[in-house]
Amino acid sequence: MNRSRAEATWNAIERSLAGSLYLALLSTTCAVIAPGAAAAQAAPTTTDIELSELSVTGEGRSRSLNGDLYGAGGAVGPVPGYVASRSTVGTKTDTPILETAQSVSVVGRQQIQDQNALTVTQALRYTPGVFAESRGGAGSTRLELFNIRGFTAPVFLDQMAVIGGRDANTSIDVYRLERIDIIKGPASVLYGQSGPGGIVNLVSKVPQFVRHGEVFIQGGGFNEVRSGFDIGGPIASDIPGLADQFAYRVIGLGWNGDGPAVTTKVERAFITPSITWRPSTDTSLTLIGNYQRDPFSGFYGGFPAVGTVFSRNFGSGLFGRLPVNFYDGDRNIERSDRTQASIEYLFDQRIGENLRFHSAGRYLRTQGDYRSVYGAFNDRNGPTASGPLLARSVIGTNVAAEAYTMDNNFIAEFDTGFIAHTALLGVDHRTFSTRTSGTPFPSAPDLNILAPNYAMNIAFPAFNTTSRVDAQQTGVYFQDQAKFDRVVLTLGGRYDVARQTGPTRSFSGNTSTLTLQDAPSDALTYRASLLYQFDSGVAPYVSYSQAFEPIVSGRVFDSAFGSVGRVPDPIRSDQYEAGIKYQPPGTDILLTAAVFDIRQSNRTSADPLRQGFVVQTGEVGAQGVEFEARANLAEGLTLIGGVSLLDIRNVRDSGSTANDLTRLSVPLQGRRPVQVPDTTISLLANYRFTDGPLLGLGIGGGVRYLGPSWGDPANTFQVPESVVVDAVASYDMRHLAPSLAGLTAELNVNNLLDERFVSSCLSYSACFYGLPRTVYGTLRYRW
């Protein structure tokens with residue numbers, strides 16, 4: 001097949017796509033797999049696909065909106081190597097990271113591939129300040145489990161919140177993503193209700209006006225096979241006026257294999273088609289659809305500390321620890337079946353020279369059916385546990401959830417005298433609706449650890465609660481980035497109104513109890529920062545930011561509200577941060593250092609004087625230091641390094657917790673939270689040979705140090721520190737033969753030394769093993 005014939009084939013496919021994206025997807029995939037079609041492609045000069053920006057003419061700007069934001073190097077576009085220079089996560093405007101006066105980290109597509117990150121959580125392993133995989137190997141594809149600066153952080157997709165939770169939560173596959181942007185510290189001014197640690201914003205891949213494609217197949221891990229494709233480009237049109245206005249992209253993936261624990265499985269399939277309409281250089285509209293099925297989601301259990309952190313006497317003269325692939329459930333009960341679908345739009349319009357309008361919206365629906373037998377949270381699995389029997393309980397839920405989210409803002413650029421302004425004014429809204437049926441937590445038959453039976457005849461309890469909860473939030477926000485000479489002053493504010501309502505009905509025998517929830521709240525949040533840029537690339541800064549989180553349970557005694565009390569005030573978070581960023585001019589190097597002080601207040605605990613009420617006297621303080629280095633160096637070397645030191649504790653708390661060793665109650669004040677290591681250190685490097693006999697070979701690896709963390713709320717034991725080593729190797733096959741241009745082979749080994757470690761514990765009854773050594777081999781073809 002010659003080149004002209006290949007071009008004709010592509011044009012035919014693209015004309016077909018205009019009529020049916022799905023049919024085009026099938027045709028294109030078959031064309032990719034066919035050897036003749038592969039040979040017809042012109043050999044590229046590199047295996048890295050760089051999505052070029054459209055060259056346009058017009059007033060004011062030399063590039064289109066699509067190229068400015070979504071093109072290579074753009075604020076939400078592909079990241080060159082390991083170093084992003086621009087991001088929108090810290091300001092919602094196209095801003096250099098060097099000018100953003102708050103800690104920002106960006107994980108790009110190349111880093112995700114080099115790490116062979118299979119989930120969002122795994123992609124965050126090398127980000128300082130982020131404790132990824134807090135449940136270790138548990139969680140699998142079920143949840144994005146991590147914290148930032150010691151606090152649970154919410155997930156956003158394209159700057160709009162996604163449904164959290166456990167059983168019907170939104171799970172975004174990393175293969176759909178162009179990059180992951182993280183802002184550390186309170187960020188409610190831009191994103192509404194969120195925690196003090198920060199937020200993680202996932203950025204979708206969008207269509208590009210250059211033809212490209214990728215298919216891959218991967219095997220390894222826990223007998224897993226993964227395969228996916230990412231195909232797109234401009235849509236040819238013979239209709240006058242429509243030529244070069246449309247581009248498409250279709251992404252799909254299949255994943256099947258065993259879970260990290262014996263008898264468990266992982267299965268996933270998704271397809272994400274998208275289309276962009278760009279009628280002019282000033283207008284861009286993108287539609288993104290997604291359908292995903294997760295019939296099996298691996299493992300979610302945990303094990304007692306005695307048998308993981310500590311050695312256990314199993315009886316019969318056996319002492320030691322549980323194997324890392326141990327399973328505490330029952331295959332006849334185990335279920336995590338989830339389906340999600342969404343439709344999203346991204347619209348950008350430039351209005352004149354210095355005004356831009358951005359609008360984004362998404363409708364998402366997800367449904368989950370969850371059932372599990374798990375290690376019980378009781379004294380039999382506590383600090384004195386011994387023998388071969390594991391106490392267990394059984395649980396199940398059925399959840400359906402819907403989410404409507406929208407964000408609209410105007411960005412204006414103007415001058416007042418010698419001060420240049422970038423002003424942002426916006427409004428966003430979210431409505432999350434969940435319908436849940438749940439079971440009680442009755443005891444299940446004990447599991448004999450030495451001779452486990454994973455197919456017992458365990459009765460599944462009947463659902464005894466149903467609830468319908470609607471949570472809404474609307475916020476109006478503004479921000480001004482004022483720049484004069486080398487000084488950047490950023491001021492922002494926001495007002496939010498939130499409400500959670502809905503009935504919960506509980507059944508017991510022939511009676512039922514109805515509880516009506518109505519929890520309104522509102523909050524004002526602010527942000528201010530000051531940054532100075534030296535010509536040398538050094539930029540010191542100071543910043544202050546706030547966050548809020550509504551409290552939807554409990555009542556505070558207040559005589560003005562009678563005997564029922566009032567809804568608690570929202571939890572408030574305040575952060576002071578000072579730091580310095582350094583980007584040597586003309587280099588792809590970004591170095592950052594920050595010191596921060598976070599205070600989270602208005603936490604609730606039981607009112608010691610009035611039964612049934614709560615008081616808001618709790619406060620958590622977190623102080624820390626973070627360092628991050630990212631570099632694309634000459635001669636094919638890329639690297640990331642990070643250090644995080646954190647001191648977090650309950651500064652004020654009138655509550656108490658049980659000391660499982662002494663059986664006494666101890667105050668929470670002064671105690672440190674569980675699942676928060678005090679130190680994390682990481683280094684990831686990759687080197688690609690650019691000449692010599694090893695031309696085409698890439699080698700790399702990483703080291704992750706996880707410091708100790710407290711294992712129970714009373715702080716009676718610590719989870720030990722651990723060190724994990726990862727390795728990667730790749731080879732560009734075109735250096736073997738020109739006919740193999742576009743084909744690469746990759747080998748990833750995570751936990752190379754097969755370190756046996758516990759990542760964290762919630763209590764003496766629930767600890768989580770980190771993943772053992774996994775090896776994955778990948779063949780990838782790009783054109």
Checklist entry - In terms of side-chain heavy atoms, does Asn290 have a donor or acceptor partner in Thr272 at a distance below 3.5 Å? => result yes
Item to check | Distance-only polar pair, side chains of Arg630 and Gln583, donor-acceptor under 3.5 Å | outcome: no
Item to check | Cationic tip of Arg780 above Phe216 ring, under 6.0 Å, 45° of axis | outcome: yes
Checklist entry - If every non-hydrogen atom of Pro186 is compared with every non-hydrogen atom of Gln102, which pair is closest and at what distance? => result O-NE2, 3.3 Å
Next on the checklist: Quiz question: by atom type and distance under 3.5 Å, do the side chains of Ser536 and Tyr582 form a donor-acceptor pair?
Outcome noted: no
Item to check | Distance-only donor-acceptor check, side chains Thr119 and Thr121, under 3.5 Å | outcome: no
Item to check | Flag for Asp258-Asn223: side-chain donor and acceptor within less than 3.5 Å | outcome: yes
Next on the checklist: With heavy-atom distances below 4.5 Å as the criterion, would you say the side chains of Gln122 and Glu133 are in contact?
Outcome noted: yes
Next on the checklist: Val620 vs Val651, test: side-chain contact (heavy atoms from CB on, under 4.5 Å). Steps then yes/no.
Outcome noted: CA-CA 5 Å; Val620 174; Val651 178; 5.9 Å; no
Checklist entry - What's the shortest heavy-atom distance between Trp710 and Phe717, and which atoms? => result CE3-O, 3.3 Å
Checklist outcome for this item: Residue pairs meeting ring pair (Phe, Tyr, Trp, His ring centres under 6.0 Å), one or both in residues 180-203, sequence neighbours left out, come to Phe156-Tyr191
Next on the checklist: Just by distance, no angles: are the side chains of Asn169 and Arg338 close enough, under 3.5 Å, to form a donor-acceptor pair?
Outcome noted: yes
Next on the checklist: Tell me whether Lys265 forms a cation-pi arrangement with Phe222, defined as NZ or CZ under 6.0 Å from the six-membered ring centre and within 45 degrees of its axis.
Outcome noted: no
Next on the checklist: To check you understand the geometry: which heavy-atom pair defines the closest contact between Pro677 and Phe131, and what is its length?
Outcome noted: CD-CD2, 3.4 Å
Item to check | Asp726 versus Tyr126, side-chain donor and acceptor atoms under 3.5 Å | outcome: yes
Item to check | Geometric cation-pi criterion, Lys184 with Phe596: 6.0 Å, 45° | outcome: no
Checklist entry - Are a donor atom and an acceptor atom from the side chains of Tyr541 and Gln533 found within less than 3.5 Å of each other? => result no
Next on the checklist: Hydrogens and angles aside, do Asn147 and Thr152 bring a side-chain donor and acceptor to less than 3.5 Å of each other?
Outcome noted: no
Item to check | Lys/Arg N to Asp/Glu carboxylate O, Asp647 vs Arg672, below 4.0 Å | outcome: yes
Checklist entry - Can you name the closest pair of heavy atoms from Ser85 and Gly73 and give their distance? => result OG-O, 4.4 Å
Checklist entry - Quick one: do the Glu746 and Gln113 side chains pair a donor with an acceptor below 3.5 Å? => result yes
Checklist entry - If you measure from the Lys or Arg side-chain nitrogens to the Asp or Glu carboxylate oxygens, is any gap between Arg756 and Asp754 under 4.0 Å? => result no
Item to check | Student check: side-chain heavy atoms of Lys205 and Ile251 closer than 4.5 Å | outcome: yes
Item to check | side-chain contact (heavy atoms from CB on, under 4.5 Å) involving Ser336 - partner list, sequence neighbours excluded | outcome: Arg142, Ser297
Next on the checklist: A side-chain contact here means heavy atoms from C-beta on lying under 4.5 Å apart; do Ser171 and Gln292 qualify?
Outcome noted: yes
Next on the checklist: Could you work out, with salt bridge (charged side-chain N to carboxylate O under 4.0 Å, His left out) as the rule, every residue matching Asp173, not counting sequence neighbours?
Outcome noted: Arg268
Checklist entry - Have Gln218 and Asn116 got a donor and an acceptor in their side chains that come within less than 3.5 Å? => result yes
Checklist entry - Taking all non-hydrogen atoms of both residues, which atom of Val719 and which atom of Cys761 are closest, and how far apart? => result CG2-SG, 3.6 Å
Item to check | SB check Arg109 Glu178 (cutoff 4.0 Å) | outcome: no
Checklist entry - So, Tyr544 versus Asp574: side-chain donor-acceptor pair below 3.5 Å or not? => result yes
Next on the checklist: Less than 4.5 Å apart, side chain to side chain, heavy atoms only: is that true for Ile217 and Thr778?
Outcome noted: no
Item to check | Any side-chain heavy-atom pair of Phe548 and Ile571 under 4.5 Å | outcome: no
Item to check | Between Gln575 and Arg149: side-chain donor-acceptor atoms closer than 3.5 Å | outcome: yes
Item to check | With Arg226 via salt bridge (charged side-chain N to carboxylate O under 4.0 Å, His left out) - residues at least two apart | outcome: none
Next on the checklist: Under a plain distance cut-off of 3.5 Å, with no hydrogens placed, do Ser722 and Glu755 share a side-chain donor-acceptor pair?
Outcome noted: no
Checklist outcome for this item: Applying salt bridge (charged side-chain N to carboxylate O under 4.0 Å, His left out) to Glu267 and not counting sequence neighbours gives none
Item to check | Any side-chain heavy-atom pair of Val488 and Thr490 under 4.5 Å | outcome: yes
Item to check | Side chains of Val203 and Asp158 in contact at under 4.5 Å (non-hydrogen atoms) | outcome: yes
Next on the checklist: For a quick test of reading the model, state the closest non-hydrogen atom pair linking Leu762 to Arg135 and the distance between them.
Outcome noted: CD1-NH1, 4.5 Å
Checklist entry - Parallel, tilted or perpendicular for Phe299 and Tyr327, by the 30°/60° rule? => result perpendicular
Checklist outcome for this item: Arg671 meets the salt bridge (charged side-chain N to carboxylate O under 4.0 Å, His left out) criterion, sequence neighbours left out, with none
